[in-house]
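Taking it in order: structure first as structure tokens, then the write-up.
It should be emphasised that the depicted structure is a prediction, and the values quoted were computed from it without experimental measurement.
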Amino acid sequence: MNTNTNDPTKALLEEMYKNVKMGCENIVGVIPKVEDKFMLSELTARLEQFSSYSEQISAMMHERGWTPKEPGIGEKLASKAGIAVNTMIDSTSSHIAEMFIKGSEMGIQKLEEARRSADGCDRKAVGLCEQIIDGERRNNRKMEEFL
């Protein structure tokens with residue numbers, strides 16, 4: 001069991017976990033505002049995928065004796081406030097799609113940065129990170145249809 005706090009695999013898994021958990025939070029926060037049934041279907045599928053990723057990441061961490069950290073309350077509140085303000089002003093499908101694309105792009109950048117910093121990292125963790133990034137890019141292309 002590797003409990004080294006400077007382990008590059010741990011840092012990558014922590015960033016991945018934070019990313020997918022915040023993705024879940026954001027989707028759950030915006031779903032009540034979504035009126036388009038096709039967008040709702042896309043977001044629900046995305047939520048299921050993020051939930052699956054979080055379970056996989058959690059299992060990888062537990063295998064190594066690490067405990068996944070939930071995103072902080074400050075991050076969650078800031079996200080909820082941002083969604084509330086943005087959808088109060090404009091809750092059209094195109095605006096919601098734009099919000100998700102922008103948020104997803106920031107998440108992709110953070111994951112790519114974490115992956116680049118993952119020298120000596122477990123290949124399975126890197127592979128899952130790449131899978132998440134690729135999935136986010138596919139999801140963004142689907143969201144672009146609502147613009």
Where do Leu147 and Ser94 come nearest, in terms of heavy atoms and distance?
-> CD2-O, 3.5 Å

State, to 0.1 Å, how close Phe146 and Phe38 come at their nearest heavy-atom pair, and which atoms those are.
-> CZ-C, 3.7 Å

Considering all heavy atoms, the nearest Ile83-Thr87 contact = O-OG1, 2.7 Å

Taking Arg137 as the fixed residue, which of Glu130, Glu144, Glu112 is the one that meets the salt bridge (charged side-chain N to carboxylate O under 4.0 Å, His left out) rule?
-> Glu112

Asn19 side chain vs Gly107 backbone, donor-acceptor pair below 3.5 Å | yes

Ser79 side chain to Glu75 main-chain N or O, any donor-acceptor pair under 3.5 Å?
-> no

Is the closest basic N to carboxylate O distance between Lys102 and Glu98 below 4.0 Å?
-> yes

Report yes if the side chains of Gln131 and Tyr53 come closer than 4.5 Å at any heavy-atom pair, otherwise no.
-> yes

Quick one: does Lys80's side chain get under 4.5 Å of Glu25's, heavy atoms only?
-> yes

State whether Arg64 and Asp7 are salt-bridged, where the test is any N-O pair (Lys NZ or Arg NE/NH1/NH2 against Asp/Glu carboxylate O) under 4.0 Å.
-> no

Taking it one step at a time, do Phe100 and Asn139 satisfy side chain to side chain contact (heavy atoms under 4.5 Å, CB included)?
-> CA-CA 9 Å; Phe100 271 103; Asn139 287 332; over 6 Å; no

Before accepting this row, confirm whether a basic side-chain N of the pair Lys18/Glu70 lies closer than 4.0 Å to the acidic partner's carboxylate O.
-> no

Decide if atom NZ of Lys110 counts as having more than 12 heavy atoms of other residues, nucleotides or ligands within a radius under 6.0 Å.
-> no

Are Leu13 and Leu128 side-chain neighbours, meaning at least one heavy-atom pair lies under 4.5 Å?
-> no

Do Arg115 and Glu15 meet the salt-bridge criterion of a basic N to acidic O distance under 4.0 Å?
-> no

Rounded to the nearest 0.5 Å, what's the gap from CD on Glu55 to OG on Ser58? Could you check?
-> 8.0 Å

Taking atom types as modelled, find out whether Glu136 and Ser104 have a side-chain donor-acceptor pair closer than 3.5 angstrom.
-> yes

What's the verdict on side chain to side chain contact (heavy atoms under 4.5 Å, CB included) for Met143 and Ile96, showing C-alpha distance, side-chain angles and the deciding distance?
-> CA-CA 9 Å; Met143 282 290 121; Ile96 290 172; 5.9 Å; no

Distance-minimising heavy-atom pair for Pro71 and Lys76 | O-CE, 3.5 Å

Report yes if the side chains of Val126 and Thr9 come closer than 4.5 Å at any heavy-atom pair, otherwise no.
-> no

Would you call His95 and Met99 a side-chain contact if the rule is heavy atoms closer than 4.5 Å?
-> yes

Side chains of Leu43 and Leu47: closer than 4.5 Å at any heavy-atom pair?
-> no

Is the shortest heavy-atom distance from the side chain of Pro8 to the side chain of Ser117 under 4.5 Å?
-> no

Ignoring hydrogens and geometry, is there a side-chain-to-backbone donor-acceptor pair from Thr44 to Leu40 under 3.5 Å?
-> yes

Got Leu12 and Met16 here, is their nearest side-chain heavy-atom distance under 4.5 Å?
-> yes

Do the side-chain N and O atoms of Asn140 and Glu105 include a donor-acceptor pair separated by under 3.5 angstrom?
-> yes

Nearest atoms (heavy-atom pairs only) where Lys69 meets Tyr17 = O-CD2, 3.3 Å

